[in-house]
Each structure stands twice: as C-alpha cells, then as structure tokens.
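Just so you know, residue 1 is the first one in the sequence shown, and it goes up from there.
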Amino acid sequence: MINSANGMASAQASSSSLANAPSPGLKTYFKTPEGRYKLHYEKGHPSGLMHYVQGKTVTQATLAHLKDRPSPPTPPSQSSSGFSASSGVRSAAARLLGGSNGSRALSFVGGNGGSKSVSASSRLGSLGISSSSNSTSTANFDGRGTYLIFNMGDGIFISDLNSQDKEPMKAIYFNNVYPVCHAFDQDAKEGHDLVIGLSTGDVYSVSLRQQLQDSGKKLIGAQHYNKDGSVNSSRCICVAWVPGGDGAFVVAHTDGNLYVYEKSKDGAGDSSFPAIKDQTQFSVAHARYSKSNPIARWHICQGSINSLAFSTDGAYLAAVGRDGYLRVFDYSKEQLICGGKSYYGALLCCAWSLDGKYILAGGEDDLVQVWSMEERKVVAWGEGHNSWVSGVAFDSYWSPPNADDTGEAVMYRFGSVGQDTQLLLWDLELDEIVVPLRRPPGGSPTFSTGSQSAHWDSTPPVGILQPAPSMRDVPKLSPLVAHRVHTEPLSGLIFTQESVLTVCREGHTKVWMRPGVAESQASNVETVLSTSLKDKPPSTKVNYSGQAMTGTNGGFFHGGRIFGH
C-alpha cells in the first residue's frame with residue numbers, strides 16, 4: 001500500500017540512508033587516467049516489490065528530460081505536506097548533487113514513491129490502463145526535471161535523477177503483463193513523448209508529464225497500438241522514436257519484424273500486411289490504407305531483433321539480432337546498405353558514435369565490435385569481458401586530450417557492460433591501432449600502423465552482409481578500465497554530462513560521478529545556497545561545443561541539458 005504524503009517523510013529518510021550504502025565486496029570508485037569515478041548514489045525499485053516478478057524481464061533504462069513549463073499556483077491548503085517546509089533547501093542540494101540541467105528536484109508525486117509494500121489489491125486489471133485524463137494533478141509538480149525511467153517485473157518506475165532518494169517517485173503497474181522496453185522523445189513539445197512496449201506485443205504512448213502529475217498507479221491518457229496483438233502477437237523487444245520523425249516511432253519484435261507507427265494516427269487503425277515470402281530476406285511492406293497504423297512492416301531477420309539504434313540525424317538505423325548480424329539501413333530509402341556477423345552467437349546491443357562514423361555492437365561472443373561506416377567493416381574488437389556483452393555506448397561528454405582545431409574527434413571513449421557484472425571503458429584512437437596483415441605464404445605475419453583503408457579488402461557491394469571475419473584479421477583493443485560495479489548481471493549503461501549510470505538486470509541503477517564533479521559541486525555548495533536558485537552548477541568540458549551529443553539508449557546533450565528519447 002502506498003503511504004500518504006505525511007507518512008513519506010520517514011520513508012524518504014530511510015531510503016536516503018540507504019542511497020549511498022555500498023554493495024558488499026564492491027568498491028565505491030574506479031580509476032581512470034583523468035581521475036576517480038565515485039559512486040554517488042543508487043536507485044532501485046520499491047522495497048516491497050515481490051521477488052516472484054523479478055526475472056520476468058530484463059531491466060532497461062531511459063533518461064528523459066522535461067523542459068520548463070509554467071505550472072498553476074499551489075493553493076495554500078495543499079502546501080502543508082511533509083515536504084513543503086524544506087523543499088527549497090532540498091531542491092538546491094539536489095541540483096548540486098545530481099542535476100546537469102540546474103532545475104529543482106521534484107517533491108514526491110502524490111503518494112507514488114517511498115512505499116515499503118505493494119498490496120495485491122492495488123494491482124490493476126487487464127493491462128492497467130486508464131483512458132481518463134482528468135485525474136487529480138499533483139500541486140507540487142513543477143513541470144521540469146530529468147528522470148530515470150526503468151522497468152522491473154510488471155512495473156514501470158520513474159525516479160527523479162536530481163534526487164538521491166533510492167526508491168522511485170512514481171510506479172505504474174500492469175497485471176500479468178510485463179513492460180519490456182520504452183523510449184522518450186525529447187523533441188515532443190506537447191502530447192505523447194513516452195512509448196512503452198509490452199511482453200504481449202501491445203504498445204502504448206503516453207505523456208510523461210501527465211503520468212507525473214497523476215497520483216494513481218496506472219497509465220493516464222494512453223494511446224493503445226497493436227491491441228491484443230492484432231498486428232503482431234510476439235513480444236516487443238525494442239522501441240525507438242525516429243529522430244526528426246514528427247512523432248513516428250518503430251517497434252521491434254522477437255519474430256524479426258519491425259513496425260513503423262505514427263502517434264498522430266488512431267492506435268486502433270486497421271493494418272494488414274501480405275505474407276512474408278522469404279523469411280531469410282529483408283523486405284518492406286506498407287499498409288494498404290492511409291489511416292492504417294502501423295504504416296509499414298520491415299521484415300529484418302529470422303529470429304529476434306535484440307536492439308535498435310538510430311544515428312543522431314535519423315538517417316540510418318542499426319539493428320542487431322539473434323542471428324548474430326549487425327544490419328545498417330538507410331531509413332528514409334528503406335534499404336539495407338551494409339552489415340556483418342559476430343564472431344559467434346547473437347548480438348544483443350548496439351550504439352552509434354555522435355558523428356555517425358562508428359557503431360558499437362556486443363553480444364554472446366564476449367567481444368565489443370567496432371564497425372566503421374566508412375570502411376563498412378569491423379575495424380576493431382574489444383577483448384575484456386568474461387561473459388555476454390549486454391550494453392554499449394559512446395561517451396559523447398568526454399573530451400579527448402588531443403582534439404584538433406577543427407573540433408573533430410581523433411579519439412573516442414566508449415563503455416560496455418556485461419553479464420560478468422563489469423563496466424569496461426575503452427579508448428579508441430584509430431591511428432594507433434595495430435592492424436594485422438594477412439600471413440604471406442611461408443612467412444610470418446606482418447603488422448602495420450596508421451589508416452586501415454590501405455590494408456582491408458575493397459568495400460563489398462552495397463547491401464551485402466559480410467560473414468564473420470577471422471580473429472587474426474581484426475585489431476584487438478584492451479580496456480582502459482575494468483571494474484565490477486554490481487553483484488548482478490548488467491543490462492545497460494548511460495553517459496551523462498556529470499556521471500555514468502550502470503543498470504543491472506534486477507532493477508538497480510548506480511550513479512558514478514565523473515572525476516572532479518563531486519568536488520567542484522561540494523566547493524560551491526555555500527556559494528550556490530547563498531545566491532539565486534537559478535544559478536546552474538558547474539559543468540564539465542564538452543567536446544563539439546554547441547552540437548547535440550548522443551548518449552546511450554537515445555539520451556543526448558544539447559544547450560547545457562541532458563535529454564533522452
């Protein structure tokens with residue numbers, strides 16, 4: 001049962017005391033050449049969440065930033081909650097400790113956070129959806145902030161990233177149905193900006209702001225797509241908003257199909273597609289009617305599509321699947337342009353570099369694959385994980401020490417996490433990679449440094465998927481850092497301007513502050529508290545100043561703030 005607002009003060013205090021408690025046997029920091037990353041706090045699901053729901057789905061995490069929007073004045077009768085007296089101090093402290101956007105931390109919404117138990121009678125019928133949008137709004141919600149959205153068991157949880165409270169501020173539950181994936185559209189000025197895919201194949205789009213304003217535990221004002229699996233009854237595995245797509249999003253399923261939806265169209269629009277003639281070939285089919293939703297079906301592969309990632313400009317879509325192939329598509333032309341196979345096993349995750357030149361992929365071969373769009377080949381393999389690689393991301397906030405005057409990166413920093421519970425950080429500087437050449441007959445292998453273009457075979461024809469390369473033909477990278485960060489297998493990581501977030505399968509997130517950030521914030525506490533709350537906390541140096549920067553899982557930085565989609 002959810003506690004009342006007056007009863008949440010003690011819950012907040014107890015959860016805060018646990019926020020910085022280290023996991024047994026794990027260090028609370030790891031070292032890099034630029035300094036120590038320190039564990040700042042942890043976030044997780046409600047303590048009363050039943051263990052039987054764990055393991056039903058793998059936790060995925062999304063960062064979402066809500067921009068400022070004027071909120072109605074708070075009636076005096078509603079300003080007497082247990083939090084109002086200290087809201088100013090707590091907001092300022094949260095800004096210093098966690099907020100990259102400089103906005104106030106939010107008070108708990110209604111009674112949706114800090115609960116110590118979840119009553120069975122509070123579970124929702126069917127899929128737990130309410131079509132009513134007239135629910136009582138929370139007066140202390142100020143309409144802005146950066147949020148961590150994650151799934152666990154049969155719930156979607158929302159935490160205020162600016163707060164050190166361990167338990168989420170909002171919980172949305174489903175009954176006998178499991179949310180699997182979600183994505184946030186930072187470009188959605190109004191209306192629906194959060195899309196959620198379920199284990200039944202059903203898909204919902206909602207307004208994140210509206211969910212936070214509501215005091216209940218069900219989706220409010222949701223648009224329902226693929227109802228009861230009418231278009232595809234297989235499990236949703238990944239969802240993504242199309243960058244610059246004006247409300248278009250894609251949904252990937254375990255049967256190898258991807259569907260394109262438009263949120264402006266009726267979610268119940270009739271869509272039927274012709275039978276797939278060849279399950280082994282990529283094909284695209286469009287809906288017969290203009291009002292249909294989804295509007296298109298892409299048959300990508302046999303078996304599950306495990307992960308999707310759009311390039312920053314939305315021009316290209318990368319997909320990895322159970323068959324072990326990385327595929328890259330020209331999204332607007334609906335064409336497969338290149339791709340290649342893992343060394344062995346399935347690929348589970350993928351991510352783009354900010355400049356669109358490289359794609360990371362990881363999976364069951366324990367390797368991190370670096371794919372070059374210019375070479376259209378694997379140009380490096382990262383060796384260091386002892387089990388499957390479950391998450392990869394470029395760190396677009398890290399500034400290389402040898403950036404040239406043009407502002408273009410000459411070195412990349414990226415990270416990976418795996419089921420071995422480790423976070424690995426890597427530096428990729430292509431000019432220093434040793435490229436093995438093919439062994440001449442009767443001789444010994446030779447090596448070369450510098451550009452790879454002179455040492456690889458000619459680029460294959462467009463649209464041809466390459467077989468797995470030989471291990472001796474691909475340069476190897478060693479990790480800069482290898483650190484065990486959780487006791488459970490990891491499922492993802494997110495880079496922000498001030499921190500690195502690691503997520504484990506059991507629904508727990510750790511926030512690791514970058515070197516110097518915590519110290520800089522601590523030294524400025526009294527200065528900030530004695531001045532206007534509008535002052536922004538110090539920020540770290542960001543490469544590509546003034547440009548949008550991608551993080552992982554769709555998060556990116558622009559104009560001094562972190563966004564996610």
When you compare the side chains of Trp352 and Thr312, does any donor N or O come within less than 3.5 Å of an acceptor on the partner? no
Short question: side chain of Ser199, backbone of Tyr178 - any donor-acceptor pair under 3.5 Å? yes
Could you walk me through whether Leu66 and Leu208 pass the side chain to side chain contact (heavy atoms under 4.5 Å, CB included) check? CA-CA 8 Å; Leu66 288 180; Leu208 175 60; 4.2 Å; yes
Do the two ring centres, one from Phe282 and one from Trp298, sit under 6.0 Å apart? yes
Is a donor on one side and an acceptor on the other found under 3.5 Å between the side chain of Asp228 and the backbone of Ser230? no
Can you list the residues that meet the side chain to side chain contact (heavy atoms under 4.5 Å, CB included) rule with Ser234, with sequence neighbours excluded? Asn232, His253, Thr254, Asp255
May I ask you to decide if Leu490's main-chain N or O and Ser390's side chain share a donor-acceptor pair within less than 3.5 Å? yes
Counting N and O atoms only, with roles assigned by atom type, does the side chain of Asp154 sit under 3.5 Å from a partner on the main chain of Asn176, one being a donor and the other an acceptor? no
Return all side-chain donor-acceptor pairs below 3.5 angstrom for residues 299-306, not counting sequence neighbours, or 'none' if the list is empty.
residue : atom : partner : partner atom : Å
His299  : ND1  : Asn257  : OD1          : 2.9
His299  : NE2  : Gln279  : O            : 2.8
His299  : NE2  : Gln279  : OE1          : 3.3
Ser304  : OG   : Asn306  : OD1          : 3.1
Asn306  : ND2  : Leu347  : O            : 2.9

May I ask you to check whether Tyr412 and Ser353 show a side-chain donor-acceptor distance below 3.5 Å? no
Please check if the side chain of Ser342 supplies one atom and the backbone of Tyr344 the other of a donor-acceptor pair under 3.5 Å. yes
Note: Arg322-Glu364 ion pair, threshold 4.0 Å (strictly below): yes
If we count only N and O atoms by modelled type, under 3.5 Å, do the side chains of Ser499 and Arg514 hold a donor and an acceptor together? no
Give the intermediate values and the outcome of side chain to side chain contact (heavy atoms under 4.5 Å, CB included) for residues Gln223 and His192. CA-CA 9 Å; Gln223 179 78 288; His192 291 188; 3.7 Å; yes
Spacing of Gln186 atom CD and Trp241 atom CH2 [to the nearest 0.5 Å]: 12.0 Å
To the nearest 0.5 Å, atom OG of Ser292 lies from atom OH of Tyr261 at 11.5 Å
Before you tell me yes or no, could you show the steps for Ser416 and Trp426 under side chain to side chain contact (heavy atoms under 4.5 Å, CB included), namely the whole-Å CA-CA distance, both residues' side-chain angles and the distance that decides it to 0.1 Å? CA-CA 8 Å; Ser416 61; Trp426 314 76; 3.0 Å; yes
